[in-house]
2 protein chains.
Amino acid sequence: MSTRSPRSRHPEAPRQATIRDVARAARVSVATVSRALNDSGPVRDDTRRRVRDAADNLRFTPHGGARSLITSRTNTLGVLLPDLYGEFFSEIIRGIDRSAQRAGYQLLLSSARNAHDEVHGAFRAMYGRVDGLVLMAPDVELAELFAQHRDGTPIVFINSPVTSEDARVITIDNHGGAYQMVKHLVRKGHQRIAIIRGAESNHDAAERLRGYRDALDDGGLPRDPRLEFHGDFTETAGYRAGRAALKLQPHPTAIFAANDAMAIGALSALREEGVAVPGAIAVAGFDDIPIARYVSPPLSSVHVPIAQLGERAMDLLLGAIVGPDHGAARRVVLPTTLVIRKSSP
Amino acid sequence: MSTRSPRSRHPEAPRQATIRDVARAARVSVATVSRALNDSGPVRDDTRRRVRDAADNLRFTPHGGARSLITSRTNTLGVLLPDLYGEFFSEIIRGIDRSAQRAGYQLLLSSARNAHDEVHGAFRAMYGRVDGLVLMAPDVELAELFAQHRDGTPIVFINSPVTSEDARVITIDNHGGAYQMVKHLVRKGHQRIAIIRGAESNHDAAERLRGYRDALDDGGLPRDPRLEFHGDFTETAGYRAGRAALKLQPHPTAIFAANDAMAIGALSALREEGVAVPGAIAVAGFDDIPIARYVSPPLSSVHVPIAQLGERAMDLLLGAIVGPDHGAARRVVLPTTLVIRKSSP
DNA sequence: TTGTAAGCGTTATCAT
DNA sequence: ATGATAACGCTTACAA
C-alpha cells in the first residue's frame, strides 16, 4: 500500500499549470494568452473570454520569477528592519503594508540585528527579487554601508543617519520631540529630570538625548551624568533604570524615557516600590505607541506617526520606482507632537 | 545640462552584473561560475578563487527569479495574516521570521482583512513565488476555502478552524485556557463574571467563549447573556465594554476579556471611573502579550507562546517542504498556561 | 487579430 | 575539471 503509485491516494500536486497549458486548452498561442490576461494587446472579445475561462479552470497563476526575468520588475518591495520586537514595529509594518498593498506590491520582509554581515546577507538575498527597498538602520555604520551600495535598486532609509546627499531618507523630529517634552517638564518646575537613554549606537537615541540636554541647558538646569541612565529600548531596560533612579539621593522628580517601552518598564518599577506617579515622580515616553494611553497612569509621550512613517517611506519608494523622481523630496522629516497625559501632567 | 548623457552626473545604475559578466571576467564558462559559486560540482581551487573574486568585484548577485525558474524553488515562504495590528502580530511574525531565517528562507508578507476576494487575491499573488504558505485565518469561511485549495504548495494554518483531515494546522488551547482562567475566578468566589468576547466569526473567540461558559456551568454559576459583552479584539472595544459593564446593576465582580488588548482597554475604563482593580472588579485577559506584565495593575492572563506559535508553524511548513512529512504531526495544539498577576489575584 | 520565435539569467545535462 | 547548450515560463518584437 505504501508502494502504490504516488498519485494513487490523493490527486494532489497536479503540476501547476503554465501558460502553455492555458494556450492549449484555449486553442490559441501563448502570446495570445499573455495578451488576453494582461490586456497588453489586441485580442478579440470571444478569444479573451475563452482564454480567461481556460485560465480559471486550470487555476493558472503566472510564475512570478519567469515574468520578472523578462520585465525586470518583480512587483515586490523589500523591507529590512533591525528587529521585529514590540508595538513600534508592528505599527510601522502596518503602514508599509498599507501603502504597498494599495500600489499592488508584495512585501519581502527581513529582520537583521545590526551585525554587518547579517544585513549584507539579507540585502543580497533580496537583490533581484525586489524593485526597491525600505531599510531601517538606526545603527550608524549600517547606514554608511548602504549609502554606498547603489546599484540601481532604489532605497529609502527610515530613521537612519545617512549623510549622502542624494539618499532618500525619512526621519522623525527626534531632537525636537525630546526637546519639547523635557521643556514641558522644566516648565512644570522639575529640577531633577532623568533620562533613560536608548542604545549608544542608535541614531534616534542619540538625537533624543541631544534634545534632552539642550532642553536642560535652555532651561538653566545643570546636566548631571548620574541622571542619564542607560537603556536599549526594551521594557526590561526601563524597569531596571526605574529601580536605579529610585536609589539616587535625592531621586529625580521626573523621568523621560527615550521610548514608550522603557517608560512603561519604569512605571512598573515605580509602582512596585509604591512610588506615586506623577505625585512623586513624573514619567514621560517617546513614540506614543497605541498602548500608551491605556497604561496606568496614562503615559505622556511624544507622538510619532509611526504607521504614517512606514506609509510615507513606501510612498517615497514607489515614487522612485515608477520614474525618476527628480522633483520629489529626498529628505522628509515628520513632525512629532507632545501628548500630555496623567503620568506627567 | 538636463539633456546631458544620462550617465553623466552619477555613475549610477551600472546594470546589475549577470553570471555572464562574471564568466567573462573570470575567463571561464557560465557553467563553471555556477558550479564555483554554488559548490555544485567539481571546480579547481584556483578557478574557484578567480570566479569568486570576479563575482565580488562585479557585486554579482544571482537573479532569484531566473534561479527559481529552473530549480522550481524560490527560497521564499508566504505569510498571510488577517491584520497586522498590535503586539500579538509583531510577536507571531517574530517567531515566524526567526524560524525562516534559520532555515535560510525569505518571507513574503501579506495581510488581508477577512474579505474573501482579498485573501484569494493575496494568495494568487503569492502563488508561484513561494515554496510554502503560513496562513492565519481565524475566520471560519476562509479556512474552508483554503482547505480545498490544494495544488502542491504546502500550507500550514494557524489558529484556523480547518476540518479537513490532512490539513496541517497549529492551534492553541483556546478552550482550555479560557476555562482555566474563569475557573480560577470562580474559585476566588466571584459570582458575576463577565466576558468581553471577540468577533463573532472568529474561531479563537468562539472557543474562548465556550471555555468561559463551560467553566461557569461546572462552577454552578448561571449563564447571563447580559454579562457577555461584544468586542473585536481592539483596546477600544475593551474600553467600551468596560464602561458598559459598570452600568450594570449589580455590576460584575470580574471581567474576563478574550484578549489582552481588550482587557487593557477595560482597565483603562475602570480607572477612569475610579473603580478599584482588583478590589471592586477583577480583570483578566488572554494571550499574555509582553506588555501585560507592565500595565497597572499587572494583568492576569492566559499565557500563549505567541512567538513559538509562529516558530512551530514555520517548522511544520519547512518539514513539509523538504520532503513528504509522513511521520510528522499534522495537528499541533500548543498548551496555554495561567498567569495570575495583581489584576485578579 | 493572431502566431512564431527570441530572449530574460540561471541551473543541469551532456560532452569533452 | 570545464564548456556548450537545452531547458525553465513568460513577454514582446515581428511576421503573417
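First the proteins, then the strands, lettered A, B, ... as listed; each starts at 1.
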Discussion item. With nearest nucleotide decided by heavy atoms, which residue, B:V43 or B:L69, maps closer to the 5′ end of DNA chain D?
Written reply: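 First, find each residue's nearest nucleotide; the 5'-ward one identifies B:V43.
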Item to complete: Name the residue closer to the 5' end of DNA chain C, choosing between B:G65 and B:A31 according to the nucleotide with the nearest heavy atom.
Response: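 Looking at the nearest nucleotide for each, B:G65 comes out on the 5' side.
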Response to the item:
Per-helix bend value, the helix from C:dT1-D:dA16 to C:dT16-D:dA1, C1' rotation axes over five pairs per end, 10° rounding, shows 40°
Under 4.0 Å between a side-chain N/O of [X] and OP1 or OP2 of [N], yes or no?
X: B:R67; N: C:dT11; answer: yes
X: B:R35; N: D:dA1; answer: no
X: B:S29; N: D:dA4; answer: no
X: A:T71; N: D:dT11; answer: no
X: A:T18; N: D:dG9; answer: no
X: A:T32; N: C:dT1; answer: no
X: A:T47; N: C:dT1; answer: no

Discussion item. With a 4.0 Å cut-off on N to O distance, would you call B:R27 and B:D53 a salt bridge?
Written reply: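 Judged by the 4.0 Å cut-off on N to carboxylate O distance, B:R27 and B:D53 do not form a salt bridge.
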Worksheet entry | Electrostatic pair A:R49:A:D56 at N-O distance under 4.0 angstrom | no
Worksheet item: Which of these nucleotides, D:dT2, D:dT11, C:dT10, is closest to any side-chain atom of B:A66?
Response: C:dT10
Discussion item. Starting the side chain at C-beta, find the nucleotide from D:dA1, C:dT2, C:dA12 nearest to B:R44.
Written reply: D:dA1
Please list every donor-acceptor pair under 3.5 Å in which a side-chain atom of residues 311-321 of chain A meets a protein atom from a residue at least two apart or in another chain.
residue, atom, partner, partner atom, Å
A:E311, OE1, A:R98, NH1, 3.1
A:E311, OE2, A:R102, NH2, 3.1
A:D315, OD1, A:S99, OG, 2.7

Discussion item. Less than 4.5 Å apart, side chain to side chain, heavy atoms only: is that true for A:R129 and B:T76?
Written reply: yes
Worksheet item: CZ of A:R20: more than 12 outside heavy atoms within 6.0 angstrom?
Response: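 Not buried by this count: 12 neighbours or fewer within 6.0 Å.
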